[in-house]
Structure formats: C-alpha cells, structure tokens
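Here is the structure we will look at, set down as structure tokens.
Along the sequence shown, residues carry numbers from 1. Model, not experiment: these values are computed from the prediction.
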Amino acid sequence: MACESALPAIMDEQALMGLNPNADACYRQRALVYFEQLKESLDGWEVCAEALAKGFYRHESLTAAQQQLIRETLMKWLQAQLMNVHPEKPFIRNKAAQVLALTFVMEFLTLWPKFFFDILNLVGLNSNGVDIYLRTLMAIDAEVVDRDILHSSEETRRNILIKDTMREQCIPALVESWFQILQTYQHTHSELTCQCLEVVGAYVSWIDLNLIANDRFVNLLLSHMSIEELREEACDCLFEIINKGMEPVDKTKLVETLCQVLQSAGFFNIEQEEDVDFLAKFSRLVNGMGQSLVLSWTKLSKMADVKVSAETLRAVEGKIPLMLQLLIHEDDDISANIVGFCYDYLLVLKQLPALSEQQKTNVEAIMLAVMNKLKYDDEYNFENEGEDEAMFVEYRKQLKMLLDRLAQVSPELLLEAVHRVFNATMQNWQTVQFMEVEVAIRLLYMLGEALPASHGAHFSGDTTKTSTLQSMMRTLVSCGVSEYQHSSVTLEFFETVVRYDTFFLVEPQHIPSVLMAFLDHRGLRHSSPKVRSRVAYLFSRFIKTLHKHMNAFIEDILSRIQDLLELAPPENGFPALLSSDDQLFVFETAGVLIVNGESPAERKQALMRSLLTPLMEAFHMLLAKLPQEADEERQAVLADCLSHAVGFASRTSKAFSNKQTVKQCGCSEVYLDCLQTFLPALSCPIQRGPLRSAVRSFLHRMIICLEEEVLPFIPAASQHMLKDCEPRDLQEFIPLISQITAKFKNQVSPFLQEIFMPLVMAIFEVLSRPAEENDQTAALEKQMLRRSYFSFIQTIASSGMNEVMASQGAENIERVLFTIIQGAVDFPDPVAQKTCFIILSRLVELWGGKDGLVGFPDFIYKHIVPACFMAPLKPTFDLSDAQTVLTLSECTLTLHMIHLKRGLECIQFLQEYLPSLQVSPEITQELCQVLQQPDVKVLKNYMKVFFQQAKL
C-alpha cells in the first residue's frame with residue numbers, strides 16, 4: 001500500500017526519459033520501476049491521464065507504434081468500463097473524456113478517421129459507455145467549437161477542418177446515436193438523458209439543422225418537456241435550436257411550428273405552473289423565440305419584403321400576451337429572462353410609422369408591468385444588502401432600460417402613466433406601503449433620463465412635459481412625503497429633489513421647506529448612517545446649483561450644521577454622525593455658502609475664519625501630541641485625524657475658482673494661516689506618508705487659490721518632502737513641482753535651478769535601490785516614478801525653461817540626458833518612451849541649432865539619432881500596440897526636428913550610420929529623401945513601414 005502515497009500527483013519527467021530508445025540503461029531501469037509503481041498505485045490512472053491531457057510529452061514526437069498503443073489503451077479502458085458494476089468517479093470519467101477528446105483532435109484528420117464509429121460500435125447503448133461517450137463529445141466541443149476559449153490561427157484552421165470533416169463523415173451517425181440514447185433512457189436514466197440533451201444543444205449551432213428540427217426529434221424533445229427531471233434541459237436544448245442562424249423565413253416557420261406545438265400541449269398556460277425553475281428556463285426559451293422573430297422581421301424589412309415582413313410582425317405580436325404574463329410574474333428571474341424580447345419588441349414599435357390600437361394597448365401593458373416590477377418586496381434587506389439584493393438592483397437596471405425604451409416609443413403615454421400613479425400614491429402616502437411610495441417617487445426620478453432635456457432643463461420648452469413635471473415636483477415637496485418612515489423613501493425623495501434641482505429656480509418658494517428636510521431628522525440627522533452619508537453628498541449638490549438663492553439662509557444653515565463641521569477627536573469613543581468622507585461634502589457646502597453669499601468681504605472673511613480656526617487649533621494640538629505617542633496604532637489614528645483636518649480645509653477652497661475670488665472674499669490671509677499651521681507636519685518624523693500626502697494636496701489647492709503668495713513656502717516644503725523619500729512620496733511630489741513650473745515659469749526659475757539636482761538625485765537614489773526579483777509592487781512603483789521623472793523633465797523643457805537644466809553643469813546635464821536616452825531605448829514602457837522622445841525633440845529644438853548648448857550637436861549624433869532607431873528595433877517595441885505606435889510617432893518627430901535644425905549634416909550622418917544597421921544603400925537613400933520632405937505625415941507612415949519590414 002506504500003505506493004499509494006509514495007507517488008506524486010504529477011508524472012516524473014526524468015523517468016519518462018527512459019522511454020527514449022537511445023536512453024542509458026540506468027534511465028531505462030528507472031522508467032521500468034516507475035511504471036510498475038504506476039500500475040500498482042490506485043491513482044496511477046489519474047496521473048497518466050493528467051499527463052496526457054496536459055500534453056506532457058508531445059504527441060507528434062511519439063512513434064507510430066506508441067501512438068497506436070495509446071489508441072489501444074484508451075479503447076481497452078473504455079471496454080473495461082462497460083463491465084463495471086460501479087462506474088468510475090465523475091472526475092475520472094471527465095479526465096478520460098478529456099484525454100479521448102485530445103486524442104481525437106490530434107488524430108481524427110489523419111490516423112483515426114473512424115474515431116466515432118469505433119467508440120459507437122464498442123459502447124452501443126451500455127449506460128457506462130454512453131456516459132463516457134457523451135462526456136467525450138462535450139470535451140470535443142470545448143476543444144474545437146467553444147468560442148470562449150482562445151485559439152491560435154493554426155488551431156482555428158484545424159478546428160474548421162475537423163468540423164467540416166465531421167459534417168461530411170459522421171454527424172448523421174452521431175445524431176442517430178443521440179436519438180437512440182434519448183429514446184432508450186428518457187424514462188429510466190434522467191442523468192444520461194440530460195447529458196445527451198446538453199450535447200444536442202452544444203452541437204446544433206454548427207450541424208445541419210434538418211437532422212434535429214424534424215418531426216421525430218422535435219416530438220421527442222417536446223415529450224421531454226412533460227417529464228419533470230428532463231424538462232429544464234429540454235428547454236435549454238430547444239433554446240439552442242431556436243438560436244441557430246437561419247434565413248429569416250425559415251426561422252419564422254421553425255419558431256411558429258414550435259410555438260403551435262408548445263401551445264397545444266398547454267405550456268402557454270403558465271399561471272397553472274408552480275415550478276419556478278422550469279418557468280425561468282421556459283421564459284428564456286420564449287425570449288429566444290421572440291428575439292428570433294424580431295431579428296427575422298428586421299432582416300425582411302431591410303429586404304423590403306412587405307408581405308412576409310407583415311406576417312412575421314403578426315407572429316411577433318402573437319407572442320406578446322405570453323411575454324406579458326412572464327414579464328409580470330412574481331419571480332424576478334422569470335421576469336428578467338423575458339426582458340430582452342420585450343426590449344426588442346419596443347424597438348420594432350419605435351420603427352413603425354404609427355401604432356395600432358392593439359400596439360398602444362401592448363405598450364401600456366408593458367408600462368404597467370415595469371412599474372409594478374420595479375417595487376421592492378417585503379424581504380429586501382436595506383440594512384445588510386447581500387447577493388439577493390444585488391441581483392434585484394441589477395434587475396431594476398434592466399427594467400430601467402425598458403422604461404427608457406418606452407419613452408422613445410411613446411413619451412406622452414409614459415408621462416401620463418407616471419403622473420397618474422404618482423398623484424394617486426402621493427394623495428394617500430400615509431396609508432400606503434413603503435414600496436408603493438418609493439416606486440412612485442422613483443418613477444418621477446427615472447423620467448429625468450427617460451425624457452432627456454438639454455443640460456437638465458426639464459422646466460423649459462415643451463409645455464405639456466414641463467407643466468406635468470412641475471406639478472409632480474410641487475406635489476413631492478409639499479405633500480409631506482419626506483416624513484415617511486422608511487429609508488428607501490427618504491433616499492428617493494432627496495435623490496429626486498437633487499435630480500430636478502432646477503425646479504427650485506422656477507419655484508424658489510419651496511426652498512426653505514426642502515432645506516429643513518435636508519438639515520433635520522429626515523436628512524443629515526436621519527437615524528440611518530446610509531441615509532446621512534448620501535444626504536451629505538446630495539446637499540452639497542443642491543447648494544451648488546441654488547447658491548444664488550441661499551443668501552437669506554446662509555448663517556442659519558451654518559449654525560445648524562456647526563456640529564457636523566467639527567473634527568472628530570481620536571479620543572472620542574462615540575461614533576460621529578458623519579464619516580470623514582461625508583464631512584468633506586459638508587465642508588465644501590459651507591465654503592460654497594460663504595463664498596457665494598452677498599455679505600461684504602469682511603463678513604465672508606469672518607465666517608471663513610470661524611470655519612477654519614477650529615481645524616487649525618485642533619491640528620496644532622494633535623501635531624504636538626503625535627511625537628509623544630509611543631503606540632503605533634494610536635500614532636496612525638492621530639495621523640489620520642491630522643490628515644482629515646488638512647483635507648477639510650482644502651475642501652472649503654473648492655468654492656473658489658481662482659486667486660481673484662479668494663481676494664474678493666478677503667480669504668487669502670485665512671488660507672495663508674492654514675498653510676503656516678500645516679507645513680510643520682512635513683518635518684514630523686512619525687507617520688510621514690499620510691502627513692506629507694495631506695499637506696501636498698493642500699499645496700496643490702493653494703497654488704490655484706493663492707498663486708504667487710504660495711511661493712515663499714515652497715522651498716522649505718520641498719526640502720522636507722525630499723528628505724528620506726519613498727518611491728510614492730517622490731511620485732506624488734513631482735506633480736506638485738510640475739504644477740509650479742507650468743504655472744509660474746520664469747518666476748520660479750531660481751528655485752528650480754536650486755532644487756533640480758537634489759530632486760533628480762533623490763529620484764536616482766530611489767530607483768537604484770535593490771528590490772526582490774518577483775516584487776511586482778516595487779517594480780510598478782519604480783515604473784511610475786520613472787514616468788513621473790520624465791514627465792517633470794518634459795514640463796521644464798516645454799515651459800521654455802531650458803536655463804534650469806543648462807545651469808546644472810556639464811557633468812550633471814550629461815547624466816540627465818543619458819537617463820532620457822535610457823528611458824527612450826532600454827525600458828519597455830511605451831508611455832515613458834513617448835515622453836522621452838518628446839523631451840529629446842524639444843531639447844533638439846532648444847539646443848540643436850548653431851547657437852545652442854556647447855557639445856549638444858555631438859550628443860545628437862552619438863546618442864539621439866541612434867536612439868531613434870534602436871528603440872523601435874527592440875523586440876519589446878510592439879508596433880501592433882496603440883501606445884507604442886504613438887511612441888514611434890514622437891520618435892519620428894524627433895528625427896524630423898534633428899533634420900530641421902542640422903539640415904544636410906543630418907542627412908550625411910544617416911548615410912554613414914544606417915549601413916551599420918545593415919540597411920541597404922537603396923533604403924538609406926529612400927529614407928533620407930522622405931526625411932527631407934516637408935510633410936511629416938508621409939515620414940510617419942514611412943517610418944512605421946520601415947520598422948515593420950526591419951523586424952520581419
């Protein structure tokens with residue numbers, strides 16, 4: 001028994017070497033011992049099958065005798081299964097099927113054309129044999145047909161040939177075997193019958209449909225629809241038959257025949273059916289039939305076959321009563337499965353010149369069904385949403401698509417229906433269940449997208465629509481429904497108020513009552529954290545849109561939300577009403593109210609100071625505490641709190657668009673005070689990452705709001721941020737310096753000249769740090785830092801600040817230039833390479849002329865021109881990749897710029913240089929001629945072809 005556990009689960013590759021006729025005696029001996037062990041082992045079969053299935057040794061490398069041995073072994077094993085009283089375990093049977101399928105794929109076209117006949121002759125109708133035969137067919141489907149599996153072009157060609165040969169030689173025999181299996185086992189072996197139905201469904205897409213879609217086969221399948229264990233699989237099989245590509249007239253005929261048979265057999269009386277699993281499958285089948293008919297109608301309409309397309313449309317219309325029954329079914333899976341047909345039917349109606357009375361009735365019925373099915377059920381768990389709730393949310397999205405399509409077919413009908421339902425519900429909201437109230441408000445909300453308006457102008461233009469929407473909004477905000485005691489209704493109320501916030505520009509008298517709803521127990525102080533969180537965001541949107549109407553309420557609002565603007569202290573054990581993320585919206589709202597009010601500048605300044613001073617005081621106190629804290633968890637909590645304080649202050653500045661608005665409000669001084677309060681955090685030795693990140697974000701905002709007033713703070717801040725850097729610190733610091741460079745240009749030139757090399761050296765130091773070979777996070781961080789570095793150099797070069805680099809001394813300039821060449825050629829990162837070529841092109845433009853940087857022309861010929869050829873010739877430079885093609889474009893523009901600056905000298909150099917790359921004299925001459933043409937587009941196209949040819 002020792003051999004059972006002694007064998008590894010994979011085949012011994014060294015032992016296999018002993019099978020080679022030329023192998024040494026010791027290897028042959030080892031192979032013999034190993035295979036004796038395999039024979040003794042209980043799982044030896046599995047090991048062998050696994051090895052065979054994975055192509056452990058290449059089939060084509062085997063001798064003819066070895067290949068014959070595999071065939072014989074497989075057939076002997078299959079024969080042994082026929083006698084087994086107890087079949088092998090399913091996973092063994094699946095593995096055997098996989099091995100048979102792989103052998104079939106390798107040998108059917110050449111060595112084993114009688115594969116199926118041999119197996120069918122052997123297994124007959126033996127249940128064990130039929131089981132493996134059917135599993136093998138499914139495994140062949142996976143190898144040869146399944147479109148979800150990616151195949152090489154060679155495999156695809158082989159698979160097409162296999163299918164063609166099967167159609168010619170053995171498909172009729174296979175179909176006959178399926179019929180015999182279905183007929184033999186339909187009452188005695190449901191598992192085999194279902195397996196066979198699955199096979200028929202899989203193969204029907206590419207075999208002659210007449211072999212299946214005939215009276216004897218279809219009648220057999222329909223008889224299975226009445227057998228409880230078989231009917232779901234029979235439904236799926238019929239669905240695949242219906243889904244097969246066919247000419248529209250034939251498809252219509254097939255669907256109609258099937259429908260008539262199903263209807264006469266009583267399958268359309270779905271109200272009598274209690275098995276929801278079967279009905280879900282049946283709904284999918286009806287959906288397939290309906291969509292097939294719609295597709296036939298679309299094709300026939302394009303062919304202008306009026307008579308036949310009218311017949312097909314009548315066939316579509318004939319399925320609508322059944323479709324509606326399935327759509328309105330209480331089980332959402334059954335309803336969801338028919339939505340596709342419903343959607344396509346509405347698309348048909350949209351294309352018709354006018355709707356008949358029956359079609360209008362159908363549209364109304366679909367509308368009512370959608371409105372009804374949008375409702376939550378009693379079991380929906382709003383506090384702890386799980387998988388069932390997620391599925392209902394997805395189903396609701398499908399219903400929304402139907403509603404949008406209904407609006408395209410008949411906007412007037414939809415508006416009228418929603419108005420009717422909404423008014424009826426709002427009149428009695430106190431006595432109606434929550435799901436009725438929620439869906440009534442939801443429908444009003446959905447109209448906003450279903451009936452589109454330019455820039456949300458729902459209350460101007462078409463008077464019918466405008467007055468109806470206005471009337472519903474007036475009812476919503478005045479009927480008291482915001483007091484309804486269910487979170488779903490509360491949320492829908494606020495969502496709808498904000499979607500139609502422009503209503504309050506038309507009827508501003510409703511603003512006070514809605515403001516109160518936002519501010520009291522219905523909104524920001526609701527008992528549900530989920531509601532409070534969403535309302536914080538919605539309130540900020542509401543205020544932003546209506547800030548011009550808020551002047552009379554500003555100070556009242558600020559006093560009511562004052563406790564929500566406090567920094568939650570880390571010592572406090574009580575949960576805050578709002579999370580820090582939610583508070584960001586409240587601070588932004590406060591900023592918008594203060595800045596956009598009509599108060600004089602002194603009052604605005606006082607309000608802003610009273611908003612920000614508590615943050616500064618708390619920050620100062622917490623920062624003093626942080627170095628004294630020994631516990632790491634406490635340190636992290638304090639750092640988190642400090643970051644929130646900076647983030648809140650930063651968010652208030654979103655109310656300002658530029659320096660002008662800050663000055664007009666007299667708020668510059670307050671923000672400068674904030675800056676002075678926050679900057680000392682950069683020198684804190686503890687929790688550097690989060691603190692630096694927060695202060696950096698604040699500096700980004702202040703560059704926009706305070707402009708040059710920030711500049712005195714930048715050198716010291718930069719010095720601290722470059723100390724003991726991690727890759728991410730630098731990566732986030734570079735955009736700040738780039739922002740300053742791009743905005744202030746020459747104003748910051750002296751500062752940049754001073755910081756340039758320390759920053760570059762810090763980057764080099766981080767990039768040169770050793771990292772483990774498989775550490776993908778470290779590799780990605782370095783790649784992103786490299787990109788940021790090149791991006792920084794690009795900003796300096798494109799801002800016309802070449803003196804920043806030129807002043808660094810020859811040795812440093814050369815070092816930086818070499819990193820750019822390296823980035824362009826050596827790192828297989830097309831994003832960084834593209835940036836490097838943009839920099840090189842710009843530097844050639846700045847320094848490549850007669851009065852350029854001393855020694856730069858030499859650098860052009862020694863390094864830049866070779867880079868323009870070496871980079872695209874690298875195996876990693878993939879010209880089928882869009883990003884790489886953009887890199888090649890910039891590389892070409894660099895060559896073009898060199899020619900513009902150096903003229904004939906450049907051409908002469910290329911005539912000497914290109915032959916060293918084994919470029920023929922003719923191609924060299926051709927390239928030089930194209931380079932001298934003024935049209936860059938011609939050069940770009942030429943260079944792409946040049947490198948494509950060079951890589952062949």
Side-chain angles (χ1 to χ4, degrees), residues 374-397 400 422 425-426 429-446 448 476-501 512-544 557 559-569 572-590 644 648 651:
L374 276 166
K375 292 172 193 169
Y376 288 110
D377 60 29
D378 289 325
E379 290 162 18
Y380 191 98
N381 189 338
F382 289 92
E383 294 310 311
N384 187 18
E385 291 173 315
E387 194 179 335
D388 289 347
E389 286 75 19
M391 284 167 69
F392 180 72
V393 169
E394 282 306 307
Y395 170 58
R396 254 191 162 195
K397 286 177 186 173
K400 184 200 170 296
F422 181 83
T425 311
M426 289 304 117
W429 66 262
Q430 294 95 332
T431 55
V432 178
Q433 284 188 298
F434 84 87
M435 62 279 287
E436 306 279 347
V437 182
E438 191 275 345
V439 91
I441 305 173
R442 180 81 179 170
L443 286 165
L444 169 55
Y445 176 88
M446 286 172 142
L476 178 72
V477 296
S478 60
C479 73
V481 75
S482 60
E483 292 282 2
Y484 198 99
Q485 295 297 299
H486 196 282
S487 61
S488 69
V489 175
T490 308
L491 277 172
E492 209 53 63
F493 170 82
F494 286 115
E495 294 281 0
T496 308
V497 158
V498 173
R499 160 149 282 182
Y500 297 110
D501 48 15
S513 63
V514 171
L515 276 177
M516 279 313 299
F518 270 114
L519 294 166
D520 65 19
H521 63 278
R522 292 167 286 177
L524 288 168
R525 297 175 193 282
H526 196 278
S527 58
S528 161
K530 185 178 169 184
V531 172
R532 293 197 299 269
S533 174
R534 185 67 183 160
V535 168
Y537 162 71
L538 292 171
F539 186 46
S540 78
R541 276 185 52 191
F542 186 75
I543 295 295
K544 277 182 196 170
I557 295 172
S559 71
R560 285 175 187 272
I561 62 172
Q562 191 168 356
D563 62 321
L564 302 175
L565 295 165
E566 289 171 5
L567 188 68
N572 193 343
F574 298 105
L577 270 176
L578 297 176
S579 71
S580 52
D581 285 347
D582 301 331
Q583 277 185 287
L584 286 169
F585 292 114
V586 184
F587 273 98
E588 186 177 349
T589 303
H644 293 325
F648 296 157
R651 199 59 170 258

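Within a 6.0 Å radius of CE in M391, other residues, nucleotides and ligands contribute 12 heavy atoms or fewer. Heavy-atom neighbours of E385 CD from other residues, nucleotides or ligands within 6.0 Å: above the threshold of 12.
With contacts defined as side-chain heavy-atom distances shorter than 4.5 Å, the pair R560/M516 qualifies. In this structure the side chain of F648 reaches within 4.5 angstrom of the side chain of S580, judged on heavy atoms. In this structure, T490 and H526 have side chains that are in contact, with non-hydrogen atoms separated by less than 4.5 Å. A 4.5 Å side-chain heavy-atom check between V498 and Y537 finds every atom pair outside the cut-off. Side-chain atoms of V497 and F542, non-hydrogen and from C-beta on, do get closer than 4.5 Å to each other. Proximity of L564 to Q583: side-chain heavy atoms (C-beta onward) are nowhere separated by under 4.5 Å.
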Derivation of the side-chain contact (heavy atoms from CB on, under 4.5 Å) call for F518 and I557: CA-CA 10 Å; F518 270 114; I557 295 172; over 6 Å; no

Derivation and outcome, side-chain contact (heavy atoms from CB on, under 4.5 Å), residues L515 and I543: CA-CA 9 Å; L515 276 177; I543 295 295; 4.1 Å; yes

Full working for side-chain contact (heavy atoms from CB on, under 4.5 Å) between V586 and F539: CA-CA 8 Å; V586 184; F539 186 46; over 6 Å; no

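Considering CG of D377 and CE of M435, their distance stands at 7.0 Å, rounded to 0.5 Å. The CG atom of L491 sits 9.0 Å away from the CD atom of E438 when rounded to the nearest 0.5 Å. To the nearest 0.5 angstrom, R541 atom CZ is 8.0 Å from R499 atom CZ. One distance of note links CZ of F585 with NZ of K544; it measures 8.0 Å at 0.5 Å rounding. In this structure, R442 CZ and K375 NZ are separated by 15.0 Å, a value rounded to the nearest 0.5 Å. Here the straight-line distance linking atom CE of M446 with atom OG1 of T496 works out to 10.5 Å at 0.5 Å rounding.
For Y484 and F493, the gap between ring centers reaches or exceeds 6.0 Å. If you look at Y376 and F392, their ring centroids are closer than 6.0 Å. Ring centroid separation for the pair Y380 and F434 does not come in under the 6.0 Å cut-off.
Checked against side chain to side chain contact (heavy atoms under 4.5 Å, CB included), H521 has the following partners two or more places apart in sequence or in another chain: E483.
The two residues L565 and F587 have their closest heavy-atom pair at O-CZ, 3.0 Å. Shown here for F382 and S487, the closest heavy-atom pair between the two residues is CB-OG, 4.3 Å. The two residues S513 and R522 come nearest to each other via the heavy atoms O-NH2, 4.4 Å.
No option in V531, D520, V535, L577 other than L577 meets the side-chain contact (heavy atoms from CB on, under 4.5 Å) test with R525.
In this structure, E492 contributes its side chain and V489 its backbone to no donor-acceptor pair below 3.5 Å.
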